[in-house]
2 protein chains.
Amino acid sequence: MKWWTKLSNPRLTDVAKPTVNDIARVAGVSLATVDRVLNDRPGVRSVTINKVHEAIDKLGYVRDTAAANLARQKTYRFVFVLPDWKGQFLASLERGIAEIIVSAPQNRTEVRTIRVPNHDHTQLAATLAELDPAQVDGLAIMAKETPLVRDAIADLRKRGIPVVSLVSDQPNSDRDHFVGIDNVAAGRTAGTLLGRFAGGQKGKVVVVITNKQSRDMIERRHGFDQVVGANYPHLEPLPSVEGQEDPAHTERVTLRALQQNPDAIGIYSVGASVQGIARAIAAARLPKRPILIDHELTENSAALLRAGVVDAVITQNTGHLARSALRVLRAKCDKTPVIKSQENIRIDIVIRENLPSMK
Amino acid sequence: MKWWTKLSNPRLTDVAKPTVNDIARVAGVSLATVDRVLNDRPGVRSVTINKVHEAIDKLGYVRDTAAANLARQKTYRFVFVLPDWKGQFLASLERGIAEIIVSAPQNRTEVRTIRVPNHDHTQLAATLAELDPAQVDGLAIMAKETPLVRDAIADLRKRGIPVVSLVSDQPNSDRDHFVGIDNVAAGRTAGTLLGRFAGGQKGKVVVVITNKQSRDMIERRHGFDQVVGANYPHLEPLPSVEGQEDPAHTERVTLRALQQNPDAIGIYSVGASVQGIARAIAAARLPKRPILIDHELTENSAALLRAGVVDAVITQNTGHLARSALRVLRAKCDKTPVIKSQENIRIDIVIRENLPSMK
DNA sequence: CTGAAAGCGCTTACAG
DNA sequence: CTGAAAGCGCTTACAG
């Protein structure tokens, strides 16, 4: 059956590919009834349902979603809720979302982004409560895990709106899916790179964290400690210092930590401002450049990677995050299965040599 | 304009979104003429063309590709031509292709894979010559770069079939696009990891290559030498030994190299059978485990990563390769632009800690 | 509970 | 060179 050559029977494979019309004919019912069965709509006798299902099985029907959406004049409307920090990671994520917005009209999809103060659980919950099932077909949310948010998500699901958590999981809510990386593994990856790059040196490691409550931060730190404790016992990770979401504050706390530990051989930035850390390193005038491992590839971290200040960045592709969220949300709407392997977000390791050439 | 709340004007944003009918009305022509202009079909006076274009601009029309394909009853038919080696990388690539085949019917796409003996340029060229533009809408090809293949590609393009090169580029042909990584950068990445993991040790590095002619091999070795020469002068990469595409032969040549250089501190596997290399390491009974950097993540290399025999794998995601080839081919058919950032295949670094959990 | 007919946004013969 | 009409595979009021 080589349809690609001139000699073979032209368009041989085109035969069949059954449509709703074929089902209607075989089942001996009308198009409308086929549609009702196909879409689980009420008001069909079970005998009739069975007849239709038999025809479907017999013909091996697969529905043409594009045609269905066209007829339905369906546009998917998704809302992305993000925290309102100003950091470059979020900017990058927004760019990823902007890209899907650009290609969205092609797919009959509208996407809106809402930024909500991350510390204000009440406002966040209120925003979610405002979402109208008649207007919104799905929600992607990046937020700290709090009881209020958990309940708001449950409520949305009850109203029939699919929800995916983004970047930071809401494992105790009944969100449909988590789009993001395994942060424990990400921390282990950071620990291993730091351990290997240290090449047998003994010493302390300064750990800078955004805040100690955020789930992804906790998981990363945990993974880091696991692997360092097990494989690099000559390294001594210090208690985390908190940089908040503020470069200047991050610089201050990091500088203080470096001054208290001038023999530190490395710094693990669990999610803090890498700019602040770089400035602290410069200000500390250490005898030897410390190894620096950071999370999330941004313009800043890329520049510092190029400059040789940062040694490696553990990251996740924001474009993938956005597209994956979109695909999963669409799948949930269509009630089609998600392809697991495609939605598995990878933990990327970036060093100077494999920096992506373009943004 | 918050359409997501109950309070706002329902479906406010739905207004407009102009269609061909609107264009026809505004331009004062028929649907058929609009269609002709939209698709650059011949037989329209330039005055008319202008009228239509003005209407398009005025209305801000964007075409609905899904509806167009439905009407056109268009199914894309793409052929993937791959070498007939038995290796796991190709198996993985085929799995990536299989995945797009599964989801293909949804997108009115048919994909066929042809395996051609890689050494047989003549048969390869003959296979390409057999491709009928009436039957095939696009070609993705992974093959060594030879004049015969180059000409065959040019010929296909002349017959109007878009061509993308896959994994190994055909830079001197006029293929539409290359789907794959920058292999010089991949080699630099391997060199840097080996250099850093060596942690200041002096010593020789055994380099095992599939064959010395293949373009990707040459580029990787080149990048490796660049970075080691510049940044790790205490390392001494040895001349490449050729493993062919054969594990047993790879084992023999690697073992010989290790016996001749028992003080080698590392091995760079540029694209050879990592199984063969692992067996050679075991057989050589070295005083100290050498650092081993390999390319392409497969079941074998993943197992060796877990076992601590391989230290890092430089790889490219075969799922991305397949999907990217598909998207680019479809874009070429539709004459729509490719989104560069989305089609940029990343150089992935995999260590034990960030191994993907599932295949 | 079921069906006939119109329509989604586009394309395609067929006339003229 | 241009247009009227039918059709792609599905869904949606509207009748009955």
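A note on names: the letters A, B, ... follow the listed sequences, proteins ahead of strands, and every chain is numbered from 1.
The pair A:Asp132-A:Arg159 fails the salt-bridge criterion, with no side-chain N (NZ, NE, NH1 or NH2) lying under 4.0 Å from an Asp/Glu carboxylate O. One finds no salt bridge joining B:Lys158 and B:Asp155 here, because no Lys/Arg side-chain nitrogen approaches an Asp/Glu carboxylate oxygen to under 4.0 Å. Under a 4.0 Å N-O distance rule, the pair B:Asp137/B:Lys332 does not qualify as a salt bridge.
As a whole-Å value, the separation of B:Asn69 CG from D:dG9 C1' is 13 Å. One atom, CG of B:Asp64, and another, C1' of C:dG9, lie 6 Å apart when rounded to the nearest Å. In this structure, the CG atom of B:Asp22 is 11 Å from the P atom of C:dC8, given to the nearest Å. In this structure, CZ of A:Arg63 is placed 10 Å from C1' of D:dT11, rounded to the nearest angstrom. One atom, CG of A:Asn21, and another, C1' of C:dA5, lie 13 Å apart when rounded to the nearest Å. C:dT2 atom C1' lies 10 Å from atom NZ of A:Lys51, rounded to whole Å.
Regarding contacts with the backbone of C:dG9, every side-chain N or O of A:Arg72 stays at 4.0 angstrom or more from both OP1 and OP2.
Qualifying side-chain hydrogen bond (donor to acceptor under 3.5 Å, both in side chains) partners for A:Gln170, counting only residues two or more places apart in sequence or in other chains: none.
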Revision key, fill the gap. Read 5' to 3' with Watson-Crick or G-U pairs under 3.5 Å, [ ] for crossing pairs and | for partners on another strand, DNA chain C gives |||.||||||||.|||

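At a non-hydrogen distance threshold of 4.0 Å, B:Val29, B:Ser30, B:Ala32, B:Thr33, B:Arg36, B:Gly43, B:Val44, B:Arg45, B:Thr48 from residues 25-50 of chain B come into contact with DNA chain D.
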